[in-house]
Number of protein chains: 2
Amino acid sequence: MDKLACLKAFAKVVETGSFSEAGRQLRLSRSAVSKYVAELEESLGVQLLNRTTRHASPNENGQLYFERALVILSELDAADQAVAHLQSTPRGLLRVNAPMSFGTIRLGPAIADFMTKYPEMQLQLVLSDDLVDPVQDGFDVTLRIAELESSSLIARKITPMPRVVCASPDYLKRHGTPHHPQDLRDHVSLTYGFLLTGNQWKLTGADGEHWIQPAWSLCVNNAEVLRDVAVKGRGVALIPEFIAGEALQQGRLKAILNDFWAPPLTLYAVYPPTRHLSVKVRLFIDFLVERFGREVDKRGN
Amino acid sequence: MDKLACLKAFAKVVETGSFSEAGRQLRLSRSAVSKYVAELEESLGVQLLNRTTRHASPNENGQLYFERALVILSELDAADQAVAHLQSTPRGLLRVNAPMSFGTIRLGPAIADFMTKYPEMQLQLVLSDDLVDPVQDGFDVTLRIAELESSSLIARKITPMPRVVCASPDYLKRHGTPHHPQDLRDHVSLTYGFLLTGNQWKLTGADGEHWIQPAWSLCVNNAEVLRDVAVKGRGVALIPEFIAGEALQQGRLKAILNDFWAPPLTLYAVYPPTRHLSVKVRLFIDFLVERFGREVDKRGN
DNA sequence: CCGATTGTCGCCAATTTGTAGACAGAGATG
DNA sequence: CATCTCTGTCTACAAATTGGCGACAATCGG
């Protein structure tokens with residue numbers, strides 16, 4: 001028997017003085033209410049209600065039990081509400097891991113707004129380019145920029161990260177401007193190299209996809225370094241727009257091959273697989289989606 | 001879902017740190033425990049436990065809810081015990097209706113012992129020979145002496161009440177002593193008349209049943225009156241032994257037709273039809289059975 | 001490194017639930 | 001006072017839930 005359902009039925013019968021009315025308020029049939037109360041009496045071995053064919057009233061036992069039942073039912077509601085409240089009030093420590101470049105260029109400035117919005121939270125931000133397992137390494141959420149991540153960890157897309165092919169004006173003056181992806185074979189590339197596509201660049205235009213493996217003179221796991229070397233005229237770089245942005249605006253770099261585009265990378269949030277996402281993590285991720293882009297949840301969460 | 005079962009399962013998991021051990025202690029399978037806790041988390045919309053493949057521990061939500069759950073579960077046990085205790089401690093008012101004769105001759109003297117045994121109870125005894133409906137007339141229990149009572153009220157046999165045929169020595173000297181039930185036709189009977197058998201006397205001996213309708217000169221609804229008139233030599237009476245007893249012992253009445261016996265009457269307790277008999281009533285009836293005779297429950301209660 | 005134990009999940013037989021409707025009784029109404 | 005309406009209980013039964021079995025992958029101890 002569902003003792004709680006019996007308690008609720010019993011309490012409602014006492015409140016209303018009627019099995020029928022109790023049934024109406026609890027959205028149960030009269031016979032269900034009758035059975036619940038009978039079951040309760042049976043399990044206690046005690047008569048709780050005096051019944052006539054028209055109404056019911058608690059006897060001494062029933063009055064005592066009714067008062068106790070009300071306390072118990074209200075405490076149970078209070079307990080439910082207490083955990084709901086605890087869950088919905090964001091506070092405590094949020095530990096975030098993010099890539100270096102994204103952390104310094106985009107996330108860092110945005111964090112102040114998040115902390116203004118949720119003043120009770122503490123945020124610990126660790127910037128690193130290592131592949132990090134949040135469960136293993138004690139983070140609540142890890143941000144990643146990747147092409148496509150297959151992982152057993154739960155991940156949520158935050159935003160696409162467009163990329164741009166660019167070089168310094170001085171480099172272009174000395175080596176000519178490539179007009180087609182195939183022209184890149186004659187140029188020096190500065191490449192990231194740690195994507196799933198390795199050192200190949202995929203560029204798509206009106207005439208289809210082009211897979212180019214330019215001769216690379218520098219392979220590094222930090223796009224800011226690629227940007228800075230490109231600015232110094234050492235080659236052509238394919239790097240995220242958020243990294244190249246300022247140099248492009250200042251004319252220190254020039255975007256080339258503008259009729260072609262590289263598939264964007266994607267910013268993901270990765271977090272431990274629990275049935276119910278911590279509200280801290282959820283609020284943080286919602287903030288990132290709102291701040292950095294549209295929302296596509298990778299796992300239908 | 002049975003929320004109470006879920007609460008118990010959850011609490012046991014937190015206590016033991018293990019779904020498996022919780023299952024063993026609750027005599028449930030591991031999968032049942034797992035499902036209960038998952039259901040609770042689902043209904044709250046909150047993660048309560050952190051799980052690894054080897055053990056489980058409450059998170060902050062879970063710790064809060066666990067503490068609340070313990071309180072609720074113990075209060076529920078306390079409520080159950082409170083009504084059980086209330087039920088088992090006999091006190092308060094017990095209202096009894098009994099027939100006049102039985103009340104004055106047998107019950108009255110016994111009552112003192114009952115009240116000694118249960119000093120916290122008050123007993124209200126109303127002696128009347130009216131047919132009384134305990135629900136209608138506000139009694140907890142009504143005693144009846146009858147041949148066979150068919151009633152919608154619940155009744156419990158307390159004891160058989162044997163009857164005796166008797167007359168005064170003086171009457172017998174004047175009218176002769178009947179040796180066979182058929183001889184009663186030539187005698188004057190003093191009859192009760194309010195039994196189902198009316199004024200007919202049924203006497204059974206070695207030669208079978210005899211239905212006699214003696215000529216009655218007195219028909220009254222009180223056997224003591226019948227006894228007193230018989231003592232004065234006015235006729236032959238068929239009355240309960242407990243009423244005739246003292247006069248027989250003193251020689252003021254003489255038992256006759258001793259090779260024949262009238263079917264005994266039966267002392268019943270009648271009480272309102274409730275699912276669980278009040279402990280006051282049960283104790284009183286148990287006392288009567290113990291004091292007055294063997295126990296045969298008429299309704300299999 | 002292997003065996004034992006863990007928690008979760010899907011499947012399914014067993015059990016319980018909760019309603020419909022019949023029934024008898026009480027109270028309201030004409 | 002008779003009739004109607006609503007009551008609480010009970011039975012039958014379709015629908016829903018329960019709870020265990022066994023498979024699976026992960027972890028821990030020897």
Side-chain angles (χ1 to χ4, degrees), chain A residues 1-43 47-59 62 133 135-136 151-154 272-276, chain B residues 1-43 47-59 62 133-136 151-154 272-276 299:
Chain A
M1 101 179 170
D2 187 337
K3 187 157 182 176
L4 216 53
C6 295
L7 273 183
K8 287 174 177 170
F10 165 69
K12 189 61 74 177
V13 170
V14 174
E15 280 173 21
T16 59
S18 160
F19 283 74
S20 297
E21 184 54 32
R24 282 191 283 276
Q25 294 190 21
L26 296 172
R27 306 214 195 287
L28 290 166
S29 66
R30 300 199 304 276
S31 56
V33 179
S34 179
K35 280 178 181 172
Y36 276 143
V37 177
E39 254 189 292
L40 188 57
E41 288 173 326
E42 192 65 33
S43 81
Q47 193 83 9
L48 296 171
L49 297 174
N50 292 325
R51 297 142 160 97
T52 69
T53 55
R54 284 292 262 186
H55 79 287
S57 58
N59 59 18
D133 180 319
V135 180
Q136 203 71 12
S151 167
S152 61
L153 296 174
I154 292 181
T274 61
R275 192 173 286 111
H276 298 284
Chain B
M1 103 176 167
D2 185 340
K3 186 157 183 177
L4 217 53
C6 295
L7 273 184
K8 287 174 175 169
F10 164 69
K12 189 60 74 179
V13 170
V14 174
E15 278 174 21
T16 58
S18 160
F19 283 72
S20 298
E21 185 54 31
R24 282 191 285 275
Q25 294 190 20
L26 296 172
R27 305 218 195 283
L28 290 165
S29 68
R30 297 197 308 275
S31 57
V33 179
S34 180
K35 282 172 180 170
Y36 276 142
V37 176
E39 255 189 291
L40 188 58
E41 286 172 326
E42 191 65 33
S43 79
Q47 193 82 8
L48 295 172
L49 297 175
N50 292 324
R51 297 145 161 93
T52 70
T53 55
R54 285 292 264 188
H55 79 286
S57 58
N59 59 18
D133 181 321
V135 180
Q136 203 71 12
S151 167
S152 62
L153 296 175
I154 293 182
T274 61
R275 192 174 287 110
H276 297 283
R299 278 288 198 81

Exercise. Whole angstrom is fine here: how far is it from CZ in F19(A) over to P in dA26(C)?
Key: 16 Å
Practice problem: In whole angstrom, give the distance that lies between atom CD of E21(A) and atom C1' of dG27(C). | Solution: 17 Å
Exercise. Would you kindly give the CG-to-P distance between D2(A) and dT17(D), to the nearest whole Å?
Key: 12 Å
Exercise. Output, in order, the C-alpha distance, side-chain angles, deciding distance and verdict of side-chain contact (heavy atoms from CB on, under 4.5 Å) for L28(B) and Y36(B).
Key: CA-CA 10 Å; L28(B) 290 165; Y36(B) 276 142; 3.7 Å; yes
Quiz item: Roughly how many Å is it from CZ in F10(A) to C1' in dG8(D), rounded to a whole number?
Solution: 16 Å
Self-check item: Point-to-point distance, once rounded to the nearest 0.5 Å, from OG of S18(A) to CZ of R51(A)
Solution: 12.0 Å
Exercise. Of all the heavy-atom pairs spanning G62(B) and P58(B), show the shortest one and how long it is.
Key: C-CB, 3.8 Å
Quiz item: Atom OH of Y36(B) to atom C1' of dC9(C): distance rounded to whole Å?
Solution: 17 Å
Self-check item: Heavy-atom neighbours of K8(A) NZ exceed 12 at 6.0 Å
Solution: no
Exercise. Check L49(B) against A56(B) and note the closest heavy-atom contact, atom names and distance.
Key: CD1-CB, 4.4 Å
Quiz item: Where the side chain of L28(A) is defined as all heavy atoms beyond and including C-beta, which of dT6(C), dT8(C), dT19(C) is the nearest nucleotide?
Solution: dT19(C)
Quiz item: Atom CD of E41(A) and atom P of dG8(D): how far apart are they, to the nearest Å?
Solution: 13 Å
Quiz item: Atom CG of L26(B) and atom OG1 of T16(B): how far apart are they, to the nearest 0.5 Å?
Solution: 8.5 Å
Exercise. Provide the closest heavy-atom pair for V37(B) versus F10(B) in the form atom of the first, atom of the second, distance.
Key: CG2-CA, 3.9 Å
Quiz item: Quick one: what's the B/S/- string for nucleotides 21-30 of chain D, heavy-atom cutoff under 4.0 Å, read 5' to 3'?
Solution: B-B--SBS--
Quiz prompt | Presence of S34(B) side-chain N/O under 4.0 Å of dG7(C) phosphate oxygens OP1/OP2 | solution = no
Quiz item: Can you tell me if N59(A) uses its side chain to pair, donor with acceptor, with the backbone of Q47(A) under 3.5 Å?
Solution: yes
Quiz item: OP1, OP2 of dT7(D) versus side-chain N and O of R24(A): anything below 4.0 Å?
Solution: yes
Quiz item: Whole-Å distance between dG19(D) P and K8(B) NZ?
Solution: 12 Å
Self-check item: Length of the CG-P vector between N50(B) and dT8(C), whole Å
Solution: 12 Å
Quiz item: Looking at V33(A) and A22(A), what are the two nearest heavy atoms and their distance?
Solution: CG1-CB, 4.3 Å
Quiz prompt | Terminal helix-axis angle for the helix from dC1(C)-dG30(D) to dG30(C)-dC1(D), with five pairs defining each axis and rounding to 10 degrees | solution = 40°
